[in-house]
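FYI, the numbering just counts along the sequence from 1. What you are looking at is a predicted structure, and each value in this text was computed from that prediction instead of being measured.
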Amino acid sequence: MTGSTSDYLHVNYLWDDTTADALDPVERLRYRSNLLGADQRITNTGGGNTSSKIDMPDPITGEPVEVLWVKGSGGDLRTATRANFASLDLAKLRSLQALYDRTEPRGAKTPIEDAMVDLYRHATFNLNPAAGSIDTPLHGLLPARHVDHMHPTAVIAIAASRDQEALTREVFGGEVGWVPWQRPGFDLGLVMRAEAAKNPKLKGLVMGQHGLINWAEDDKACYALTLALIEKAARYVAARDKGAAAFGGSRYAPMEAQAREALLVQLLPRLRGLVSQQQRFIGTVHATDAVLAFVNSVDAPRLAELGTSCPDHFLRTKIKPLYVPWDPHTEDLAALIARLEAGLVQYRADYAAYYAACKRPTSPAMRDPNPTVILIPGLGLIAWGKTKSESRVTAEFYSLAIDVMRASEAISQYQGLPRQEAFDIEYWLLEEAKLKRMPAEKELARNVVVVIGAGSGIGKAVAQRVAREGAHVVCADLSVEAAQTTAEELLAQYGHGIGLAGTGVSGCGPALGLGVDITKRESVRALFDQVVLAYGGIDNVIVTAGIFVPPDRTGRIPDERWALTYAINVTGGYLVADEARALWQAQGLKGSLVLTTSVNGAVPKPGSLAYDTSKAAANHLVRELAIELAPLVRVNGLAPATVVEGSSMFPRERVISSLTKYAIAFDETESTEALRGKLAGFYAQRTLTKAPITLADQAEVAFLLSTGRFSKTTGQIISVDGGLAEAFLR
Ligand SMILES: [Zn+2]
């Protein structure tokens, strides 16, 4: 099995000579890494690393140097670029052993192990800023030119089985050795090098409770070997899979997809509130057939208690998930919530006990004791993280752990990482240092902001503004295309995040475009249902959708246009608030609502009777809602005036008619934006601040009203009108 796609049933052989041969040796490593990372069965998001030892000229002397290129700290193989690889002078890196050898104590988890990570930087070749990871010595100390370290499901299944050493022999014969679990570091590199020296025929090692490492002198051969070893393990597992009898068979019958979604819509806001008492979380629902088979099974509670195995998984999934026993066919939502509440109390107590039992004198303080993975029969897996990306990664990791457990239980008996070992990873001082180096969270991080009217104008500017502050943004608009365009622009700017999980809309990124007609309650409800399935709940709602109906030539507004004006500008805001209220109350978390009104609500003018009175009603709606939704939700109004720039309320015709009305000179050949500029300049002169009012001015205030900076302000209308004395509220 070395080069044809048909040789592999359980992994995809993707190597293409034409592509690879056009690349330099470092790019070939990047290429190999991307191919390996592209298959979840080979390694998880962010997991595993690869290396090549490449001869390169020293930048000063020109003398050849053997350089270790190895995936750096924090990178991801699937998406890695050249910049994600550290480069180290191999001789210098290996010379660190002298220092290591004369230090006492040394070995796994001694202080010198953590200190070594900083010393790797002294071996940096050619000032490459990418930092080496804790796995650097595994690659540097093994003699082969090319090394792949992966977290393949089928191999972890062997590595997490009770009789892992014997299974390794049985599956791989003598070509792959075995080393017991040991936290990665310099000592593990020495252990591996000794194994390879002892048995020159070895092509790789199964790493107990962890994964696979293997090597070759040629990069393409290393890639093919990685695949061949995984294929071998996967075939061994597949031949023994228990099918419907996996996990002890099923205890609960599956739910219909529609019923499952309907229940999740009810459950998720409540659940988000329960797990977010210390800090807010963003949710991901993952309900593949494999996940559902597990949560519905007889063995799920026993296996869930054992926790995950791969140290990578564990950092996100925590010591164990919360499994909630509940029969979707005989019990109702209230029973589930009661069971969840009790389960969470127990989980937090267990977590505190685990922390107390395992902590060391130098351990960081206990972190949020809430589970990040919740398993519910019929519903699947619900993961929580500080961002959408993190919750998707968490869901991915636990679903991979489910695959590992299924395979392990098919061939042997699954065992998790020992509790103290799990703790020593979760509270590893190196991890803590990494957390401390992370930039402070942005102002709207962990928040889900729904912007209605996000397809254009002020709404679009608001969506961009809150995204800049770390918000998860639902861009909603009457035009679903316009909403999706805004969301896609945000995703292009901020990325989709990582993590391969999320069923249906829950697989979304940090921005999502959805259609809504706020004049119809069912449409508003359908919008919020999607938001809940996507992110688990809502925090802030900002409505910028509105309509201005100009009078006809006789100065009149037809009755149906009058009604439409009220339906959008008044009833729409009410329906949005009324539907969001149920979610806010279910969560029990503070939220905010901003309705866009207008200075016209305070200043009567000829020719805009419907608009002006509707905005006056909207101003009072803000006050009424502030009373209705207190104390949980603050409600404020944003009252713009004459934002001409990029406004759908100022089409070319209206701009020209206004310019004519005010006797402002213009040329018919000028662009609409240029004409808008002239009109904006004219309007600016009527204000106290004498400057045109921009979309960004409006977006800034909508953003600020949504943040804690205005935590004591509710029921107020903030005018952003450049200063119009006649619009002063009194
Ligand atoms: Zn690993």
Side-chain angles (χ1 to χ4, degrees), residues 109 114 181 183 209 267-268 270-284 295 300-326 336-376 381-387 390-391 393-395 397-398 401 405 414-436 438 441 445-446 536-537 587-590:
K109 295 200 268 187
D114 284 5
W181 158 255
R183 197 169 79 175
Q209 303 294 140
L267 174 70
L268 286 168
R270 188 70 192 267
L271 185 51
R272 181 170 186 246
L274 290 172
V275 297
S276 297
Q277 291 305 318
Q278 285 194 11
Q279 47 189 351
R280 284 169 205 242
F281 285 109
I282 306 296
T284 290
V295 295
R302 171 179 67 82
L303 290 168
E305 198 59 29
L306 297 178
T308 60
S309 165
C310 182
D312 249 45
H313 293 183
F314 171 79
L315 277 172
R316 291 269 189 260
T317 59
K318 281 209 160 135
I319 177 79
K320 63 179 180 182
L322 169 62
Y323 170 86
V324 185
W326 175 72
L336 173 56
I337 288 169
R339 212 72 56 77
L340 266 166
E341 283 173 334
L344 283 166
V345 168
Q346 185 62 47
Y347 188 96
R348 293 179 196 123
D350 287 355
Y351 188 84
Y354 148 78
Y355 178 85
C358 298
K359 78 168 174 177
R360 297 174 186 276
T362 54
S363 292
M366 189 176 89
R367 304 204 184 103
D368 192 320
N370 283 291
T372 56
V373 176
I374 297 175
L375 305 170
I376 305 173
L381 180 168
I382 301 158
W384 300 99
K386 66 176 186 289
T387 61
E390 186 178 283
S391 75
V393 170
T394 302
F397 286 5
Y398 200 79
M405 289 187 281
Y414 173 76
Q415 64 177 28
L417 205 59
R419 210 161 73 130
Q420 185 68 52
E421 292 298 319
F423 181 89
D424 289 341
I425 294 228
E426 185 176 358
Y427 285 91
W428 197 346
L429 291 173
L430 284 180
E431 290 295 336
E432 176 73 2
K434 243 194 250 177
L435 291 176
K436 287 210 170 115
M438 301 234 283
E441 287 190 13
R446 301 172 179 270
Q587 289 181 145
L589 302 171
K590 295 264 183 203

* **Stepwise salt bridge (charged side-chain N to carboxylate O under 4.0 Å, His left out) check, K386 with E441** => CA-CA 10 Å; K386 66 176 186 289; E441 287 190 13; 5.4 Å; no
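- Residues that satisfy the side chain to side chain donor-acceptor pair (under 3.5 Å) test with Y323, not counting sequence neighbours, are absent from this structure.
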* Where do K109 and D424 land on the salt bridge (charged side-chain N to carboxylate O under 4.0 Å, His left out) test, with the steps shown first? -> CA-CA 9 Å; K109 295 200 268 187; D424 289 341; 2.7 Å; yes
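- Using a 4.5 Å heavy-atom threshold, the side chains of K320 and D350 count as touching.
- When all heavy atoms are compared, the tightest approach of L429 to P364 is CD2-CD, 4.0 Å.
- Under the 4.5 Å side-chain criterion, counting only non-hydrogen atoms from C-beta, F397 is not in contact with V373.
- For A395, the side-chain contact (heavy atoms from CB on, under 4.5 Å) partners at least two apart in sequence or on another chain are T284, H286, L381, A383, A501.
- Put simply, the side chain of T372 gets close to the backbone of R316: a donor and an acceptor are under 3.5 Å apart.
- Between L267 and I337 the shortest heavy-atom distance is CD1-CG1, 4.0 Å.
- Formation of a donor-acceptor pair under 3.5 Å by the E432 side chain with backbone atoms of W428 is not found in this model.
- Going from atom OH of Y354 over to atom CD of Q420 covers 8.5 Å, rounded to the nearest 0.5 Å.
- Using a 4.5 Å heavy-atom cutoff, the side chains of Y347 and I319 are in contact.
- Considering only heavy atoms from C-beta on, R272 comes within 4.5 Å of I282 through its side chain.
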* To do: Kindly determine whether E426 and R419 satisfy salt bridge (charged side-chain N to carboxylate O under 4.0 Å, His left out), including the steps that lead there.
  => CA-CA 10 Å; E426 185 176 358; R419 210 161 73 130; over 6 Å; no
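- Side-chain contact between K318 and R367: absent, with no pair of heavy atoms (C-beta onward) separated by less than 4.5 Å.
- Nearest heavy-atom pair, G307 versus Y414, reported as atom, atom and distance to 0.1 Å: O-OH, 2.8 Å.
- Going from atom CG of L336 over to atom CD1 of I376 covers 5.0 Å, rounded to the nearest 0.5 Å.
- Although no hydrogens or angles enter the test, the distance criterion places a donor-acceptor pair under 3.5 Å between the side chain of Q209 and the main chain of Q415.
- The shortest distance between side-chain heavy atoms of W384 and T394 does not fall below 4.5 Å.
- Shown here for M405 and Y398, the closest heavy-atom pair between the two residues is CE-OH, 3.5 Å.
- Between Y427 and Y351, the two ring planes are tilted [angle within 30° to 60°].
- Remark: N370 CG to F281 CZ distance equals 6.0 Å, nearest 0.5 Å.
- When all heavy atoms of Q278 and P369 are compared, the pair lying nearest together is NE2-CD, 3.4 Å.
- Under the 4.0 Å criterion applied to side-chain N and carboxylate O atoms, E390 and R446 are not assigned as salt-bridge partners.
- In this structure the side chain of R183 reaches within 4.5 angstrom of the side chain of I425, judged on heavy atoms.
- Tested against I374, the residues V275, L274, V295 include a single side chain to side chain contact (heavy atoms under 4.5 Å, CB included) partner, V275.
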